[in-house]
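Have a look at the structure below before the remarks.
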Amino acid sequence: MRGKDVRLDKVSIRFGDSTAVQPTDLSIHAGEFFSILGPSGCGKTTLLRTISGFIQPSEGRVLIGGEDMAGKGPNERPTALIFQNLALFPLMSVAENVAFGLEARGMRKADRLKRAQELLDLVALGGFGDKRPSDLSGGQRQRVAIARALAVEPAVLLLDEPLSALDLKLRQHMRSELRAIQKRVGITFIYITHDQGEALAMSDRVAVMSRGKLEQVADADTLYAEPATPFVATFVGEQNVLRGTVTSLADTLAALDTPIGRVEGRVKGPIRLGEPALLMIRPERIVLGTGGVNAVPVRLAARNLEGPSVHLQCAAAGQTLTVTVPNGPSVRALPDELTLSFGVEDALVFPMGTLAHG
Ligand SMILES: Nc1ncnc2c1ncn2[C@@H]1O[C@H](COP(=O)(O)OP(=O)(O)O)[C@@H](O)[C@H]1O
Ligand SMILES: [Mg+2]
């Protein structure tokens, strides 16, 4: 099977007066594992259904393999869609489920079952063809649904939160399964999820979406280390957020006057002297002691053990700073009053904007 690239050219989608997807340009490479990550209601499913042909865009074009999909329905596109609700047929065997779509294509029964067997081998369910879906675990049923979707040889597989019905352990296991299947098959996967762990673990690249708009498209490391907007900074991973006023501004560095004093950070967007801005620092980039340029005296309010690491809740001037440090003897013997510090490189300064969590 061969993957195809997917291109959105100024695609917008409206339902009546409300805009579900703002004008969007996006290029997804052939053979890429691409995720669209965002909170519930941000427009992920709408975007995916537009790629699959169940929804026509209000404006703009969808191109798959360079071909304009305008006017083409789901069955005329080289795509297959997997929903959260897998909708396997309970009275058919696993092999019959996988072969189901091939009958409509006029393939003979013997060929259908042979093809089903190949696909079951591909998803590591070779011995399960004669079983019923109800005999399988949740993760195995998930793989049957993938095999069934692959039976029609799509160039692009679209997955709409397919793991969200599974329990946590299975979900984590299925991340590596899905990634391995994608590598084996080699086609383009477009995976949508509200779970950042899933998106970051599996994807070549991730688009972070909020309120119908793509905020940033990048690989996982870039999203985490160099978020482009306050929304991405706070949606992906944990973040301490300080509000302040810009008191000095050079090319790439700014100082803010915040409730905890003057802090310096790297400029991540258009900010102006004398105006409000946001400073963000990750809990694991704050250190105990005075090592960094930005030093803050705090009172230790709580200590939450997380096994290998410890989250310290520290209070300063009505603010709470969360600090993540490795667990160890020194953390157990911390005084109530301490100094925290962090480097300028690790503190990001954004213009005011929408945050992911309030
Ligand atoms: N068929 C529809 N008619 C009207 N509004 C819709 C329709 N489908 C989705 N919406 C709206 O579009 C927005 C995005 O929905 P959706 O794409 O399902 O988000 P997500 O998948 O990210 O949770 C929501 O506000 C939703 O209510
Ligand atoms: Mg959805």
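In each ligand, atom 1 is the first atom listed, and ligand 1 is the first ligand listed. Starting from 1, each residue takes its place in the sequence as its number.
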query = Do any of the N/O/S atoms of Thr45, backbone or side chain, fall under 2.8 Å from the Mg ion (ligand 2)?
reply = yes

query = When you check the gap from the basic side-chain N to the acidic O, do Glu67 and Lys4 get nearer than 4.0 Å?
reply = no

ask   = Are Arg262 and Asp257 close enough for a salt bridge, meaning some N to O gap below 4.0 Å?
value = no

inquiry  = Closer than 4.0 angstrom, basic N to acidic O: yes or no for Asp135 and Arg141?
reply    = no

note = min-distance protein heavy atom vs atom 1 (N) of ligand 1 -> Phe15 CE2, 3.6 Å

note = shortest atom 18 (O) of ligand 1-to-protein heavy-atom contact is with Thr45 CB, 3.8 Å

inquiry  = Check contact between Gly41 and ligand 1, using heavy atoms of the residue and a distance below 4.0 angstrom.
reply    = yes

note = Here the atoms of ligand 1 under 4.0 Å from any heavy atom belonging to Ala20 are 12 (O)

Glu345 bridged to Arg266 by N-O distance under 4.0 Å = yes

ask   = For ligand 1, which atoms have a heavy atom of Thr46 less than 4.0 angstrom away?
value = 9 (C), 14 (C), 15 (O), 16 (P), 17 (O)

ask   = Could Arg105 and Glu103 be called an ion pair, given the rule that one side-chain N must be under 4.0 Å from one carboxylate O?
value = no

Glu96/Arg112 salt bridge by N-O under 4.0 Å criterion = no

task = Looking only at distances, please establish whether an N/O atom of ligand 1 is found under 3.5 Å from an N/O atom of Gly43.
result = yes

request  = May I ask you to check whether Cys42 has an N/O atom sitting below 3.5 Å from an N/O atom of ligand 1?
outcome  = yes

